[in-house]
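First comes the structure, then the notes that go with it.
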Amino acid sequence: MKKKILCVALLGCISSPLLAQDEEENNWRVGISGGATLMAESDNQGYINASVTRDIGDGYIELSATKVDAGNVQGLINAVPASTEQLSLSAGIGLGDVSLDGDVTIGRRKFDRERIGSDGNPVIINSDGKIFGVGGSITYDIAIGESGFLSPSLSADYNSVDIGRAATLPSGRQVAVEEREEGVAGTFGLDYTHLFGEDLEHSFGPFAAIVASTNSTAFAPGNTIVGQRMAQLTAIRNQPGQGDVWAEFGGSASFALAGPLRLNLSASQSVGFTGPEATSLGAGLSFSF
């Protein structure tokens, strides 16, 4: 799914567990990051993220909150401004050279009011969405010399958005239409991390990924003729079961600043998927204690 572009930028702004575990006494880590996804021929998307991470032995658990200004997205008929707020719980464990990670996300998508028809007798549409996602990944770290790691990974993600829409007709009558968007994505990624500095406290490296997804939308128009017609109109823009494949590549870097403070940077580019290509840029700070 296309939101994967933003996820790559977010991951680049969270300090690497490989670096964070160098000092065992620093078992807690807090971070804040922000950035933007620049869409060709479309609205740009900005985000801000805050996270708290606890390292537990060879594993970790993390709670993060993200707010995304999604720009104009598809409403019932027209594109309208929308924003997304979500809360994610992640956990992972290292088993030698193999790492297992998983996450669960819940949230909501808020739409601006949509107006259809003439100014004198418009149809007013209020929409609100609930977000759910779950995913997992497996990564294998291969040591390259004394200061490098090559890390191939496989991941799978399921995401859904349940959208409720209430349309107020010029007569004052209200019609409800429910919409469910869901998708499954699989990713093969390849990352290289190079550690440098006097104590190998800094890192940088490129990454690349191939993503394949399938998306679908289902409508529940209720029992009214008007609701059924509205569902038919919105279904015209959707192709149930449509698939998508694209590539992403970029790089990330992490620099130790004063004491346990780190600066984390990332950039990525998507190519080859249906619709506009995108460039994601992110920066953040993390503090271990």
For this session: Compare all side-chain heavy atoms of F289 with those of V30 and state whether any distance is below 4.5 angstrom.
Result: yes
For this session: State the CG-CG distance between D112 and N126, to the nearest 0.5 angstrom.
Result: 10.5 Å
For this session: Could you go through the side-chain contact (heavy atoms from CB on, under 4.5 Å) check for S160 and R180 one step at a time?
Result: CA-CA 7 Å; S160 68; R180 181 178 180 84; 3.8 Å; yes
Problem set entry | Within-4.5 Å side-chain heavy-atom neighbours: V52 and E62 | no
Problem set entry | Atom pair CD1 (I61) and CD1 (I56), whose distance is rounded to the nearest 0.5 Å | 6.0 Å
Exercise. Given side chains that start at C-beta, do those of S64 and S88 come closer than 4.5 Å, heavy atoms only?
Worked result: yes
Exercise. Can you list the residues that meet the ring pair (Phe, Tyr, Trp, His ring centres under 6.0 Å) rule with F249, with sequence neighbours excluded?
Worked result: none
For this session: Could you state whether L89 and L100 fall into the same hydrophobic cluster, counting links through intermediate Ile, Leu, Val, Met, Phe, Trp or Tyr residues with side-chain heavy atoms under 4.5 angstrom apart?
Result: no
Exercise. Do the non-hydrogen side-chain atoms of T168 and V175 ever get within less than 4.5 Å of each other?
Worked result: no
For this session: Please test S270 against E248 for side chain to side chain donor-acceptor pair (under 3.5 Å), starting from the C-alpha separation and ending with a verdict.
Result: CA-CA 4 Å; S270 67; E248 296 174 5; over 6 Å; no
Problem set entry | Close aromatic pair by centroid cut-off 6.0 Å: F204 and F196 | yes
Problem set entry | Hydrophobic cluster identity match, I144 and Y140, side-chain contacts under 4.5 Å | yes
Exercise. For G129 and V161, which heavy atoms make the closest approach, and how far apart are they?
Worked result: CA-CG1, 4.5 Å
Exercise. Is the NZ or CZ atom of R29 positioned over Y60's six-membered ring, under 6.0 angstrom from the centre and within 45° of the axis?
Worked result: no
For this session: For S155 and D157, work out which heavy atoms get closest and say how close.
Result: OG-OD2, 4.1 Å
For this session: Would you kindly confirm whether F188 and Y158 end up in one hydrophobic cluster when ILVMFWY residues are joined by side chain heavy atoms under 4.5 Å apart?
Result: no
Seminar exercise, completed: Rounded to the nearest 0.5 angstrom, the CG-CG distance for L63 and D103 is 12.0 Å
Problem set entry | Separation between OG of S280 and CD of Q45, rounded to the nearest 0.5 Å | 8.5 Å
Exercise. Side chains of N44 and D69: does their closest heavy-atom pair fall under 4.5 Å?
Worked result: no
Problem set entry | Euclidean distance, F132 CZ relative to T105 OG1, rounded to 0.5 Å | 8.5 Å
Exercise. Cluster question for you: counting only ILVMFWY and a side-chain heavy-atom cut-off of under 4.5 Å, with indirect links fine, are F111 and I124 together?
Worked result: no
Exercise. Quick check: are there more than 12 heavy atoms from other residues, nucleotides or ligands sitting under 6.0 Å from CZ of R113?
Worked result: no
For this session: With the side chain counted from C-beta on, respond yes when S286 and N264 share a heavy-atom pair under 4.5 Å apart, and no when they do not.
Result: yes
For this session: Answer yes or no: is there a side-chain heavy-atom contact under 4.5 Å between S254 and L265?
Result: no
Exercise. Taking 4.0 angstrom as the limit, do K67 and E85 come out as a salt bridge?
Worked result: yes
For this session: Run the salt-bridge test on K110 and D128 with the 4.0 Å N-O cut-off and return the result as yes or no.
Result: no
For this session: Enter the distance from I48:CD1 to S33:OG here, rounded to the nearest 0.5 Å.
Result: 8.0 Å
Problem set entry | Pairwise side-chain contact, D191 with F149, heavy-atom cut-off 4.5 Å (strictly under) | no
